[in-house]
Number of protein chains: 2
Amino acid sequence: MSEKNASPAAGGPGRPTDEAKTEAILDAGRALMFAGRFANASMDQIADAAGVSKVTLYKRFGDKTGLTEAMIRGQAASMTAMIHAANRDAPTLRDQLRNFGVTLSAFLLSERFYHVDAMLTALRRDQPGATRRFFEAGPGTMRSELMAILGAAADREELAIDDIKLAAEDLLSLWRGFKEVELRFSARETLGSEELEAHVDHAIDVFFRAYRAQG
Amino acid sequence: MSEKNASPAAGGPGRPTDEAKTEAILDAGRALMFAGRFANASMDQIADAAGVSKVTLYKRFGDKTGLTEAMIRGQAASMTAMIHAANRDAPTLRDQLRNFGVTLSAFLLSERFYHVDAMLTALRRDQPGATRRFFEAGPGTMRSELMAILGAAADREELAIDDIKLAAEDLLSLWRGFKEVELRFSARETLGSEELEAHVDHAIDVFFRAYRAQG
DNA sequence: CAATTAGTGAACGTCAACGTTTAGTATTGT
DNA sequence: ACAATACTAAACGTTGACGTTCACTAATTG
């Protein structure tokens with residue numbers, strides 16, 4: 001009555017589960033997601049695209065909501081990694097922020113992000129509150145890492161910041177920017193890399209003017 | 001072959017169309033939308049909630065996508081009105097911006113907005129590019145109105161602004177803020193009115209420090 | 001009254017997707 | 001060999017919603 005759950009701990013008799021198939025499913029899901037077709041795709045199509053039987057798909061993920069969650073979870077993990085990678089050392093504070101901002105903005109202003117966001121919206125529609133678990137992995141981590149950078153700068157008295165958290169949120173908002181809105185409405189094309197850098201630099205300019213030491 | 005289209009120009013014989021029913025449908029749709037249930041609601045349920053036959057519903061809006069579009073269109077119109085109302089005179093620039101920001105942020109940081117956004121996302125999924133038509137009614141108008149305010153302030157040399165458009169986008173981004181992200185992830189409760197005012201004021205503070213005259 | 005159009009309620013046909021079952025094959029331990 | 005488990009392909013039952021049709025009633029013009 002409880003035997004059918006989770007992994008059979010392996011080692012026992014019987015054919016072992018092929019983990020590669022789990023990956024294949026997630027890969028196929030990601031491909032559909034980034035093509036903006038995941039929400040409309042049937043389980044049959046997903047199984048097909050993954051080269052896997054539908055039964056296997058259901059065995060692994062339970063139902064479509066389960067698969068959706070797993071995919072967002074994977075995306076969240078890769079975002080955390082991305083953010084950590086973005087937060088790398090650089091000669092000056094400005095360079096450090098530039099690194100951070102370019103990586104972040106490149107993601108926020110990409111089609112990729114839009115589709116992840118759309119999936120989150122769909123998930124919330126089916127399971128209100130399910131999205132909360134992904135806050136930490138995404139925006140929460142972003143904010144923490146940026147707070148660390150800004151806190152250090154404040155300690156060095158490079159910046160005059162009262163409330164580090166608020167300041168980090170300000171800079172994040174500027175990086176997200178109005179361009180994200182334009183993209184959401186299909187009111188502009190994706191940014192080229194020069195535009196992106198200009199965008200990030202402008203945000204840093206504004207931020208520095210607002211928070212420079214000795215106001 | 002072309003007689004069945006549009007309105008029969010009225011005046012002819014026959015029972016006249018009851019415009020109140022059109023409104024009833026839109027009202028019911030709005031109610032469902034703000035309850036976050038529109039996307040899941042069947043046409044039968046909507047017709048039911050509106051106290052109208054399903055046939056009437058189809059006669060007026062064609063299909064569910066048509067109804068969705070009509071509802072967003074209505075929402076866009078009321079947003080335009082709201083923004084105009086928010087842009088009212090006040091003794092000082094700061095007061096004027098506060099009026100604007102509070103009205104805008106109250107909307108952006110409400111459940112209402114989240115659901116409108118979710119509908120836009122759903123619409124874009126079914127008809128890519130359809131959202132573009134709503135950019136002007138929403139964010140576009142916002143930006144224009146704010147640009148007018150900031151432009152005037154720059155002319156009076158109250159602010160030192162190079163690029164009015166960029167500056168307006170900066171302030172809008174700050175008003176939207178990280179709190180919108182937290183709400184999107186259900187990572188915080190809706191703001192109370194004091195919190196809201198504090199949020200708006202903080203954004204204005206940051207903006208003024210970045211764009212004050214005589215830097 | 002006759003003609004014409006709007007509206008209703010209920011039933012209908014259709015379809016797409018979900019998730020399950022079945023019968024059989026593949027791969028492993030004992 | 002044998003038991004146990006993974007996997008597949010195909011078929012199946014079910015549900016839910018879409019959009020339409022039908023027979024009938026309501027309101028309006030001439």
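We name chains A, B, ... by the order of the sequence lines, and we start the count at 1 in each one.
Picking from C:dA17, C:dG7, D:dC7 the nucleotide with the shortest atom distance to the side chain of A:Ser42 gives C:dA17. The nucleotide whose nearest atom lies closest to any side-chain atom of B:Arg15 is, among D:dA4, D:dC7, C:dA6, C:dA6.
Judged as a side-chain contact (heavy atoms from CB on, under 4.5 Å), and not counting sequence neighbours, the contacts of B:Arg37 are B:Leu32, B:Ala35. Under the side-chain contact (heavy atoms from CB on, under 4.5 Å) criterion, A:Arg125 pairs with A:Ala122, B:Ala39, B:Asn40, not counting sequence neighbours. Taking the side-chain contact (heavy atoms from CB on, under 4.5 Å) definition, one finds that A:Arg188 meets it with A:Lys179, A:Glu182, A:Leu183, A:Leu191, A:Glu195, sequence neighbours left out.
A heavy atom lying under 4.0 Å from DNA chain D marks the following residues of residues 43-65 of chain A, by number: A:Gly51, A:Val52, A:Ser53, A:Val55, A:Thr56, A:Arg60. Listed by residue number, the members of residues 19-40 of chain A with any heavy atom below 4.0 angstrom from DNA chain D are A:Lys21.
For A:Asp163 and B:His202, the side-chain atoms include no donor-acceptor pair closer than 3.5 Å.
Listed by first and then second residue, the salt bridge (Lys or Arg N to Asp or Glu O under 4.0 Å) pairs involving residues 52-66 of chain B are B:Asp44-B:Lys54 (not counting sequence neighbours).
Comment: A:Arg73 does not engage A:Glu136 in a salt bridge, judged by the lack of any side-chain N to carboxylate O separation of less than 4.0 angstrom.
Comparing B:Pro16 and A:Ala41 along DNA chain C, the residue whose closest nucleotide (by nearest heavy atom) sits nearer the 5' end is B:Pro16.
Here the rule is side chain to side chain contact (heavy atoms under 4.5 Å, CB included) with A:Thr141, and of A:Thr80, A:Leu146, A:Asn87 only A:Thr80 fits it. Just one residue in the list B:Leu97, B:Leu166, B:Val206, B:Leu104 forms a side chain to side chain contact (heavy atoms under 4.5 Å, CB included) with B:Leu171, and that residue is B:Leu97.
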